[in-house]
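For reference, the structure is listed below as structure tokens.
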Amino acid sequence: MGMNPLQELGEKYGPTKRYHDYLKWYWMHFRDIRNDVRSLLEIGVDKGTSLSMWREFFPNAEIHGLDLNPDCKQYESDRIHIHIGDQGSHEVLQKVDDKGGPFDIVIDDGSHFPEHQLMAFRFFIKRMPQNGIFVIEDIGVGRGHDRKWVNDSMKGLVDHINYWDYDIESEGWLDMGRFPEHACWLDKNIAGVAFYRFICFIMKGDNPGANPFLRVRE
Ligand SMILES: C[S@@+](CC[C@H](N)C(=O)[O-])C[C@H]1O[C@@H](n2cnc3c(N)ncnc32)[C@H](O)[C@@H]1O
């Protein structure tokens, strides 16, 4: 199989995600929304290569990068905005969201510390629009912390996606087109989660509205 267009851009710009072979998964999740995406944030700028790739891939998007290293400011250019700060600070995340949000896509390729990954997920998922996509790179890869922690948290989203109302008769499950009041925010707002080796995509959306089973009886 030949290279997909995003892999071709990966060859042109050389972001680290190219070496991890993540671009085939990004292509799968991003190819249909290429023209619709208006704002993207990537945590972890490094040499600015992934931001340049996203700028070319999403022609209508403002591309934001957050990095601890002040030298990254040099990568600011047309449609590329750089924010300097520690992703472990709530205040920093708030500032970035105030300036560039809400973000259709957030990619966490920063410190890779589990507590930072969970913090960024919790912070942005609430603030992103429905149909937003949150991506965690290098998930489950150790840096002296509990590697399984973030894996397990994101695996737990499956139970929210497949929310089950125990008050409903089992034959009535196709009618579970609306969740009751006591269903929690994650039950109602996570439409999907996809794992590939060391990368995870979380799709925000109206659950069960974005669930195709709803259409069985329509
Ligand atoms: C793997 S590199 C990013 C690579 C880039 N996204 C690409 O695809 O080419 C990780 C970056 O995260 C930054 N970083 C590390 N800890 C951070 C933190 N606590 N807050 C913000 N950025 C951090 C580093 O300075 C480094 O530039």
Side-chain angles (χ1 to χ4, degrees), residues 3-31 34 37 39-58 61-77 79-101 103-125 127 132-147 149-150 196-202:
M3 268 191 281
N4 70 52
L6 189 52
Q7 285 171 318
E8 279 168 18
L9 287 181
E11 292 300 304
K12 177 171 171 187
Y13 292 107
T16 57
K17 22 181 101 13
R18 167 176 164 258
Y19 308 111
H20 303 311
D21 212 10
Y22 291 153
L23 292 178
K24 63 181 175 204
W25 310 123
Y26 274 115
W27 169 247
M28 261 177 59
H29 286 271
F30 290 173
R31 63 189 170 199
R34 205 169 165 178
V37 171
S39 56
L40 176 152
L41 167 66
E42 179 153 357
I43 305 173
V45 172
D46 194 29
K47 307 271 181 303
T49 48
S50 54
L51 299 186
S52 303
M53 180 184 75
W54 295 132
R55 176 176 58 184
E56 190 164 338
F57 186 73
F58 295 113
E62 296 298 316
I63 308 296
H64 291 258
L66 167 64
D67 205 290
L68 200 53
N69 181 356
D71 295 345
C72 290
K73 201 73 184 162
Q74 64 182 294
Y75 303 117
E76 203 150 48
S77 65
R79 286 204 289 123
I80 294 187
H81 313 270
I82 304 290
H83 310 268
I84 302 300
D86 183 347
Q87 74 174 117
S89 152
H90 188 277
E91 214 182 355
V92 167
L93 299 184
Q94 187 66 59
K95 240 187 227 162
V96 172
D97 197 57
D98 287 346
K99 283 195 182 147
F103 297 107
D104 298 317
I105 294 173
V106 176
I107 298 165
D108 186 352
D109 186 24
S111 74
H112 303 314
F113 289 136
E115 58 268 41
H116 287 176
Q117 290 171 324
L118 283 180
M119 184 180 174
F121 172 72
R122 290 193 185 119
F123 182 90
F124 285 110
I125 199 73
R127 291 164 174 84
I133 301 180
F134 190 96
V135 186
I136 307 174
E137 286 196 14
D138 303 345
I139 185 172
V141 176
R143 280 256 310 242
H145 289 248
D146 180 359
R147 296 186 304 106
W149 186 21
V150 190
Y196 309 96
R197 188 157 170 79
F198 300 139
I199 186 167
C200 179
F201 292 72
I202 299 112

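Just so you know, these numbers come straight off a predicted model, no measurement behind them. One-based numbering, in listed order, for ligands and for the atoms of each. This chain uses plain numbering: 1 for the first residue, then up along the sequence.
- Annotation for ligand 1: atoms under 4.0 Å from non-hydrogen atoms of Thr49 are 9 (O).
- Where the criterion is an N or O separation shorter than 3.5 Å, residue side chain and backbone included, Asn69 fails it with respect to ligand 1.
- Listed by chain and residue number, Trp25, Met28, His29, Ala194, Ile199, Phe201 satisfy the side-chain contact (heavy atoms from CB on, under 4.5 Å) test with Tyr196 (two or more places apart in sequence, or in another chain).
- Shown here are the side-chain contact (heavy atoms from CB on, under 4.5 Å) partners of Asp108, two or more places apart in sequence or in another chain: Ile43, Gln87, Gln117, Ala120, Phe134.
- Residue contact check: Ser50 has heavy atoms under 4.0 Å from atoms 5 (C), 6 (N), 7 (C), 8 (O), 9 (O) of ligand 1.
- The side-chain heavy atoms of Phe123 and Asp97, taken from C-beta on, include a pair separated by under 4.5 Å.
- Geometrically, ligand 1 and Gly44 share a nitrogen or oxygen pair separated by less than 3.5 Å.
- Within ligand 1, counting atoms from 1 as listed, the ones closer than 4.0 Å to a heavy atom of Pro15 are 8 (O), 9 (O).
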Exercise. Where do His81 and Glu76 land on the side chain to side chain contact (heavy atoms under 4.5 Å, CB included) test, with the steps shown first?
Worked result: CA-CA 5 Å; His81 313 270; Glu76 203 150 48; 4.2 Å; yes

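- Side chain to side chain, Arg55 and Ser77 meet the donor-acceptor criterion of an N or O pair below 3.5 Å.
- Considering backbone and side-chain atoms together, Leu66 places no N or O closer than 3.5 Å to any N or O of ligand 1.
- A donor-acceptor contact under 3.5 angstrom links the side chains of Asp138 and Tyr22, judged on distance only.
- Taking atom 8 (O) of ligand 1 as the reference point, the nearest protein heavy-atom neighbour is Lys17 NZ, 2.9 Å.
- For Arg197, the CZ atom sits in a loose shell: 12 or fewer heavy atoms of surrounding residues, nucleotides or ligands are nearer than 6.0 Å.
- Closest heavy-atom approach to atom 3 (C) of ligand 1 within the set Asp67, Ile107, Val92, Asp109: this belongs to Asp109.
- Of the protein's non-hydrogen atoms, Ser111 CB, 3.4 Å is the one closest to atom 16 (N) of ligand 1.
- Across Phe58, Phe57, Trp54, a single residue satisfies ring pair (Phe, Tyr, Trp, His ring centres under 6.0 Å) together with Tyr26, and that is Trp54.
- Taking every heavy atom of Gly110 and a limit of under 4.0 angstrom, the matching atoms of ligand 1 come to 10 (C), 12 (O).
- At a 4.0 Å heavy-atom cut-off, ligand 1 touches Asp46 through backbone and side chain alike.
- Scanning the protein heavy atoms around atom 20 (N) of ligand 1, the nearest turns out to be Gln87 N, 2.9 Å.
- Against a heavy-atom cut-off of under 4.0 Å, Gly85 is close to the following atoms of ligand 1: 20 (N), 21 (C).
- With a 4.0 Å cut-off on non-hydrogen atoms, Glu42 touches ligand 1 through its side chain and not its backbone.
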For this session: Apply the test ring pair (Phe, Tyr, Trp, His ring centres under 6.0 Å) to residues Phe103 and His64: give CA-CA distance (whole Å), side-chain angles for both, the deciding distance (0.1 Å), then the verdict.
Result: CA-CA 9 Å; Phe103 297 107; His64 291 258; 5.4 Å; yes

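- Under the 3.5 Å distance criterion, with hydrogens and angles disregarded, a donor-acceptor pair is assigned to the side chains of Asn4 and Gln7.
- Ligand 1 lies less than 4.0 angstrom from a heavy atom belonging to His116.
- Of the options Leu68, Ile84, Asp86, the smallest heavy-atom separation from atom 23 (C) of ligand 1 is shown by Leu68.
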